[in-house]
Amino acid sequence: MAADVLTTLASSSVDLVPKGGLEERLAAGRPLRVKLGVDPSRPDLTLGHAVVLRKLRQFQDAGHVAVLIIGDFTARIGDPSGRSETRPMLTEEEIQANAATYFAQAGTILDVDAAEIHGNAEWLAELDTAEVIRLAATATLAQMLEREDFRERYQGERPISVVELLYPLLQGYDSVAIRADVELGGTDQTFNLLMGREVQRAYGQEPQVVLTLPLLEGTDGVRKMSKSLDNYIGLTELPDEMFGKLMRIPDGLIAKFLRLSTPLDPAEVDDVERGLTDGSLGPSDAKRRLAREVVDLYHGPGAGTAAEERFDLVHRQHGLPDDVLGVTVPAALFGPGDGATSVVYVPALLEALGLVESRSEARRLQSQGGVRMDGEPVAAEDIRVEGPPPGQLAGSIWQVGRRKFARLDGVETTEGSSPG
RNA sequence: GGGAGGAUGCCCGAGUGGCCAAAGGGAGCGGUCUGUAAAAUCGCCGGCGUAGCCUACGGAGGUUCGAAUCCUCCUCCUCCCA
């Protein structure tokens, strides 16, 4: 039983420091305090964030305490080196708003109500200079330069702000402040988490157990999933979007995604992996399973299958989906024709439908055959409309590329349309 | 404090007076193919109703018929010496 718990908690971890550390803590039989740092500058969560959150949930399920630390102090200070776009300076309100968004999304994975939540300004804002210096004394420059990122920049003669050297120590102080037993994070956080151990030691606490998890690649299959690289799958994305993006990940990542993003247990994933290797299971089928599982997880049981059906309709049968977003466009797009007819310029219409960013883009796409109305290619020209706009175009379904759709619902005489 | 170099489109990076809406690469997008994978292949990749115009090369001025390219000032960045 205890061994099972340990196996579950340690599953998919990359590093567990020290080796028997987790086992030892668990043996104490008390609820452990498991720390996870939250970046308040990025409120939108992706499947990448979910990897760590799901691990934290496992700890909760095993009776331990999730302690979430919002980095509000560092977010308020910003990074004066001015070269870190990942640490913009935020106002108190923005931090609050982002935190609220974060917890709303994290709530689909974690039991947020049972978690302990702190902003690190609670204690960091109180530190006086003497204390900061004491904190700084816990590490040497040589130790700092062990971090790959710093080392590379140092050797490459690129700047490293002194403040950046301070961040790992401040994060470590967070661990002291909440008396963390365990800290979770992606492998990119390894250095910081280990520094937490040093800081705790310096403050006479038993160093936390560090458990790192693999970084999930983004949809490009190469770089880490992140919002700024635009290769992410967001937890709040619509089922069809989610399903489609998952179908587009490279084959080589199917097993990893299954392991890190679905509730399947490791043995089951092993089976899938074996099947993929010996050819008894097609990559496409495995990917479908993955996509269904993930969509079910975030949109409820059955959502995956429903998304799959629509996916097949659109991408396999090249049909039109039945749930296209309806849009109304400004009546002014329809110019006078002769008599009872009027005229719309297709690129202008596509722009109003929100399918393209500019009319130039629409013309380009059209010249390459990328634009369809009700399934038929359309040229970049005027369409003559009978009767009051949108005339016979009412209810027409417009498509750009393989997977962008909009339905023309009608016109409005006054201001803007409601593009998707 | 002294000296040197740099800022170009989403990113990297050519370009030192007109031939520059700006080479090349990456990313991205569309077509074909397909399993919306990979690979391959063709094309696109500032805006404007399809014509030439407009806006663009850190910011502000200036020289010139003409400036991403020359001059002045400003802002920011990097390196070297101390």
Taking atom P in both B:rG15 and B:rC33, what distance in whole Å separates the two? 42 Å
Whole-angstrom distance between B:rC53 and B:rU34, as gauged at atom P: 46 Å
Distance-only side-chain donor-acceptor flag, A:Thr212 / A:Gln189, under 3.5 Å: no
Going by number, which of residues 231-242 of chain A have a non-hydrogen atom under 4.0 Å from RNA chain B? none
Euclidean distance for C1', B:rG58 against B:rU8 (whole angstrom): 10 Å
No-hydrogen, no-angle side-chain donor-acceptor test under 3.5 Å, A:Gln58 and A:Thr8: no
Contact list for residues 234-283 of chain A, test ring-ring contact (aromatic ring centres under 6.0 Å, His included), sequence neighbours left out: A:Phe243-A:Phe311
Could you check whether A:Gln208 and A:Ser175, counting side-chain N and O atoms only, form a donor-acceptor pair closer than 3.5 Å? yes
When the C1' atoms of B:rC29 and B:rA14 are compared, how many Å lie between them, rounded to an integer? 24 Å
Are A:Asp312 and A:Arg288 ion-paired here, with the side-chain N under 4.0 Å from a carboxylate O? yes
Sticking with atom P, work out how far B:rU50 lies from B:rG43, rounded to a whole angstrom. 26 Å
CG of A:Asp312 versus C1' of B:rU34: gap in Å, rounded? 15 Å
Could you list, one pair per line, each protein nitrogen or oxygen that sits under 3.5 Å from a nitrogen or oxygen of nucleotides 21-27 of chain B, together with the distance?
none

Rounded to whole Å, the CE-P distance (A:Met247 to B:rA38) equals 12 Å
Any A:Lys224 side-chain heavy atom under 4.5 Å of A:Thr187 side chain: no
Are A:Asp174 and A:Trp123 close enough that a side-chain donor and a side-chain acceptor fall under 3.5 Å? yes
Over how many whole Å does the gap from A:Leu246 atom CG to B:rG35 atom C1' extend? 15 Å
In the strands shown, is B:rC57 matched to any nucleotide by a Watson-Crick or G-U wobble pair with both distances under 3.5 Å, and which? none
Can you tell me the pairing partner of B:rU75 across any strand shown, Watson-Crick or G-U wobble, with both distances under 3.5 angstrom? B:rA7
Given atom NZ of A:Lys287 and atom P of B:rA37, what is their separation to the nearest angstrom? 7 Å
Give A:Arg403 one of three labels, base, sugar-phosphate or nothing, depending on what nucleic acid heavy atoms sit under 4.0 Å from its own. base
What are the residues of residues 249-259 of chain A, sorted by number, that bring a heavy atom to within less than 4.0 Å of RNA chain B? A:Ile249, A:Pro250, A:Asp251
Students often get this wrong, so: under 4.0 angstrom with heavy atoms, is A:Ala380 touching a base, only sugar-phosphate, or nothing? base
Counting only heavy atoms not in A:Gln317, do more than 12 sit closer than 6.0 Å to its CD atom? yes
For atom CD of A:Gln60, decide whether the heavy atoms of other residues, nucleotides or ligands shown that lie under 6.0 angstrom number more than 12. yes
Using a 4.0 Å heavy-atom cut-off across all strands, classify A:Gly244 as base, sugar-phosphate, or nothing. base
Chi angles and distances behind the side chain to side chain contact (heavy atoms under 4.5 Å, CB included) call for A:Ile70, A:Ile117: CA-CA 8 Å; A:Ile70 304 167; A:Ile117 298 169; 3.8 Å; yes
Under 3.5 Å for both donor-acceptor distances, Watson-Crick or wobble: does B:rC29 have a partner, and if so which one? B:rG43
Quick one: is the NZ or CZ of A:Arg372 closer than 6.0 Å to the six-membered ring centre of A:Phe405, and within 45° of its axis? no
Taking the P atom in each of B:rA37 and B:rG28, what is the distance between them to the nearest angstrom? 13 Å
Base, sugar-phosphate, or nothing: which does A:Lys245 touch, judged by heavy atoms less than 4.0 Å apart? nothing
Evaluation steps, side chain to side chain contact (heavy atoms under 4.5 Å, CB included), between A:Ile69 and A:Val38: CA-CA 6 Å; A:Ile69 309 291; A:Val38 171; over 6 Å; no
Rounding to an integer number of angstrom, what distance separates B:rG49 and B:rG17 when you compare their C1' atoms? 35 Å
Pairs in or reaching into residues 244-255 of chain A: which pass side chain to side chain donor-acceptor pair (under 3.5 Å), with residues at least two apart or in two chains? A:Glu237-A:Lys245, A:Asp251-A:Lys287
Tell me the partner of B:rG1, counting only Watson-Crick (N1-N3 plus N6-O4 or O6-N4) or G-U wobble (N1-O2 and O6-N3) with both under 3.5 Å; none if nothing fits. B:rC81
Electrostatic pair A:Arg57-A:Asp61, nearest N-O below 4.0 angstrom: yes
Electrostatic pair A:Asp270:A:Arg259 at N-O distance under 4.0 angstrom: yes
Rounded to whole Å, please give me the gap between CG in A:Leu350 and C1' in B:rG30. 14 Å
Treat primed atoms plus P, OP1 and OP2 as sugar-phosphate and everything else as base, then score nucleotides 41-49 of chain B 5' to 3': B for base contact with protein heavy atoms under 4.0 Å, S for sugar-phosphate contact only, - for none. --BSS-SBB
Quote, to the nearest angstrom, the P distance that separates B:rG26 from B:rC70. 30 Å
